Asker: 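The structure's right below; bear with me while I get my questions together.
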Amino acid sequence: MSFQQPPTISDLSNIYSLSIDAQTKRYARLIEDFEVAYGAKPGFIARAPGRVNVIGEHIDYCGFPVFPMAIAPDTLIAARANGSDRVRIANVNSKKYPARDFSIASDMLNIDSTVHEWSNYFKCGYRGIFDHLGRNDGKGFDALLDGTVPAGGGLSSSAAFVCATQLTVQRINDAKLTQGELALIAAGAERYVGVNSGGMDQTASMMGQQGSALFIEFHPELTATPVKLPETNPPLVFVIANTLVVSDKH
């Protein structure tokens, strides 16, 4: 699978197999909420899905191949450049995740990994991009996040958050990085908050394809090969059961 820049999608049926109407309403509601929060419509919406591991466990930490697939639950970030030196972020679940306002010069690259703070994962995505580029001249922007990956549920909500942030930061700053570069940057960026990430979660989120699992190898270099699920009648279904046991990263 050759690495390209992240695609731009205009039809939600190219992303979701089920509940298209519900997703359409969700996107429309996010746009409306963004306009209420910031006084203008977003310029775009970035999306990164969670993942489930089909075979094996987290042997990616040791550089071994893995076989996950992206899932429909995802992180959405509606965003718009604001022409300032501030990055303002908010969450549709504002009671649990309060809005934050950061200075690009003094705040966005500073991450206290000892504090369990939701915006730290946003900062990880931001800092990962600019550490990779070797610069700190980011543009200010406003962002509103909506996530449906259960937090602490083992489906990589943090990776989806970091990947969606990187897609947002790249678009705002016209960085033009490939999906492969973004996946590797995201894997390294989560380490800013103390997460020992091997790269499976981020690669699945960045390069997952509808109707396919993903065979990911890390040596001698990152490769991601889509493995299309067989067509059956009735269609093949994977059941992911949520135990409701939360494993927050502290």
Side-chain angles (χ1 to χ4, degrees), residues 3 6 46 48-53 56-66 68 70 74-75 77 87 89 91 97 100 102 104-136 138 143 145 147 149-170 172-173 175 177-208 214 216-224 246-250:
F3 296 145
R51 68 95 188 98
V52 66
N53 204 8
E57 286 302 325
H58 284 210
I59 55 176
D60 57 317
Y61 300 139
C62 302
F64 290 106
V66 286
D74 53 21
T75 294
I77 299 181
V87 173
I89 63 171
N91 195 300
Y97 306 111
R100 302 298 188 209
F102 297 115
I104 291 176
S106 60
D107 298 328
M108 286 305 297
L109 300 183
N110 295 321
I111 302 171
D112 185 352
S113 62
T114 66
V115 177
H116 191 58
E117 158 63 35
W118 80 279
S119 62
N120 277 349
Y121 289 92
F122 186 88
K123 287 183 175 182
C124 282
Y126 182 98
R127 177 175 168 180
I129 292 287
F130 283 99
D131 279 0
H132 177 80
L133 296 175
R135 49 185 250 226
N136 182 24
L145 181 143
V149 185
L155 297 175
S156 299
S157 60
S158 62
F161 188 2
V162 172
C163 287
T165 300
Q166 290 194 161
L167 291 170
T168 301
V169 173
Q170 161 157 286
I172 291 288
N173 292 278
L177 299 169
T178 68
Q179 291 168 300
E181 289 174 308
L182 289 167
L184 291 173
I185 294 168
E190 282 204 58
R191 296 168 192 154
Y192 296 139
V193 289
V195 177
N196 183 25
S197 180
M200 172 180 70
D201 303 346
Q202 298 78 11
T203 306
S205 186
M206 282 290 183
M207 286 179 276
L214 204 62
I216 303 171
E217 298 174 278
F218 300 96
H219 292 291
E221 60 184 7
L222 176 65
T223 61
V246 177
S247 178
D248 280 330
K249 298 182 178 72
H250 290 279

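Not measured: the values here are computed from a predicted model. Side-chain atoms are counted along with the backbone in the values below, which use heavy atoms only and exclude waters and symmetry mates.
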Asker: Which heavy atom in Pro150 sits nearest to a heavy atom in Leu155, and how many Å separate them?
Answerer: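 For Pro150 versus Leu155, the nearest heavy atoms are CD-CD1, 4.1 Å.
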Asker: In the structure I gave you, are the side-chain heavy atoms of Ile216 and Pro68 within less than 4.5 Å of one another anywhere?
Answerer: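 When only atoms from C-beta onward are counted, Pro68 and Ile216 do touch, with a gap below 4.5 Å.
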Asker: With heavy-atom distances below 4.5 Å as the criterion, would you say the side chains of Ile185 and Gln170 are in contact?
Answerer: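 No, side chains not in contact.
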Asker: Report yes if some heavy atom in the side chain of Asp201 is under 4.5 Å from a heavy atom in the side chain of Asn53; otherwise report no.
Answerer: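 Not in contact.
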Asker: Atom CG in Asn120, atom OG in Ser158: separation rounded to 0.5 Å?
Answerer: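 Rounded to the nearest 0.5 Å, the CG-OG separation comes out at 12.0 Å.
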Asker: Identify the heavy atoms of Gly198 and Arg191 that sit nearest to each other, and give their distance.
Answerer: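 Here Gly198 and Arg191 meet closest at CA-NH2, 4.5 Å.
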Asker: Can you tell me how the ring of Phe122 sits relative to the ring of Phe161, calling it parallel under 30°, perpendicular over 60° and tilted otherwise?
Answerer: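 The rings of Phe122 and Phe161 sit tilted, inter-plane angle from 30° to 60°.
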Asker: So, Glu190 versus Gln202: side-chain donor-acceptor pair below 3.5 Å or not?
Answerer: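 A pair is found: one side chain offers a donor N or O, the other an acceptor, under 3.5 Å apart.
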Asker: To the nearest 0.5 Å, what is the distance between CZ on Phe3 and CG on Leu182?
Answerer: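 That separation rounds to 11.0 Å.
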Asker: Ignoring hydrogens, what is the shortest heavy-atom contact between Gln166 and Gly128? Give both atom names and the distance.
Answerer: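 Minimum heavy-atom contact is OE1-CA, 4.3 Å.
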Asker: Enter the distance from Gln179:CD to Leu222:CG here, rounded to the nearest 0.5 Å.
Answerer: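 It is 11.0 Å, given to the nearest 0.5 Å.
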Asker: I'd like to check Tyr121 versus Leu145 (side-chain heavy atoms, cut-off strictly below 4.5 Å). Are they in contact?
Answerer: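 Tyr121 does not reach Leu145 side chain to side chain.
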Asker: Compare every heavy atom of Met207 with every heavy atom of Ala224, then report the nearest pair and how far apart it is.
Answerer: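 Residues Ala224 and Met207, closest heavy atoms: CB-SD, 4.1 Å.
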Asker: Donor-acceptor check, side chain of Ser205 to backbone of Gly50, threshold 3.5 angstrom: yes or no?
Answerer: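 It does not hold such a pair.
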Asker: Checking Tyr126 against Phe130 for the ring-ring contact (aromatic ring centres under 6.0 Å, His included) test, could you report, in this order, the C-alpha distance in whole Å, the side-chain angles of both residues, the deciding distance, and whether it holds?
Answerer: CA-CA 7 Å; Tyr126 182 98; Phe130 283 99; 4.8 Å; yes
Asker: Is there a side-chain contact between Val66 and Phe218 in this structure, where contact means two heavy atoms from C-beta onward sitting under 4.5 Å apart?
Answerer: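 Of all side-chain heavy-atom pairs linking Phe218 with Val66, at least one is under 4.5 Å.
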Asker: So His132 and Leu177, do their side chains get closer than 4.5 Å, heavy atoms only?
Answerer: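 The answer is yes, as the side chains (C-beta and beyond) meet within the 4.5 Å cut-off.
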Asker: Heavy atoms only: give me the nearest Cys124-Val193 pair and the separation to one decimal.
Answerer: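 Scanning both residues completely, I find the closest heavy atoms to be SG-CG1, 3.5 Å.
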Asker: How many angstroms lie between CG in Asn136 and CD1 in Ile129, if you round to the nearest 0.5 Å?
Answerer: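 One gets 13.0 Å once the value is rounded to the nearest 0.5 Å.
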Asker: Please report the shortest heavy-atom distance between Ala70 and Gly208, naming the atom on each side.
Answerer: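 Closest approach of Ala70 to Gly208, heavy atoms only: CB-CA, 4.0 Å.
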Asker: Measure the CG-CG distance between Leu133 and Asp131 for me, rounded to the nearest 0.5 Å.
Answerer: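 Between Leu133 CG and Asp131 CG, I get 9.0 Å after rounding to 0.5 Å.
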Asker: Please answer whether the main-chain N or O of Tyr97 pairs with a side-chain N or O of Asn91 as donor and acceptor at a distance below 3.5 Å.
Answerer: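 Side chain of Asn91 to backbone of Tyr97: no pair is present.
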Asker: Checking salt bridge (charged side-chain N to carboxylate O under 4.0 Å, His left out) for the pair Lys123/Glu117: CA distance, chi angles, key distance, verdict?
Answerer: CA-CA 10 Å; Lys123 287 183 175 182; Glu117 158 63 35; over 6 Å; no
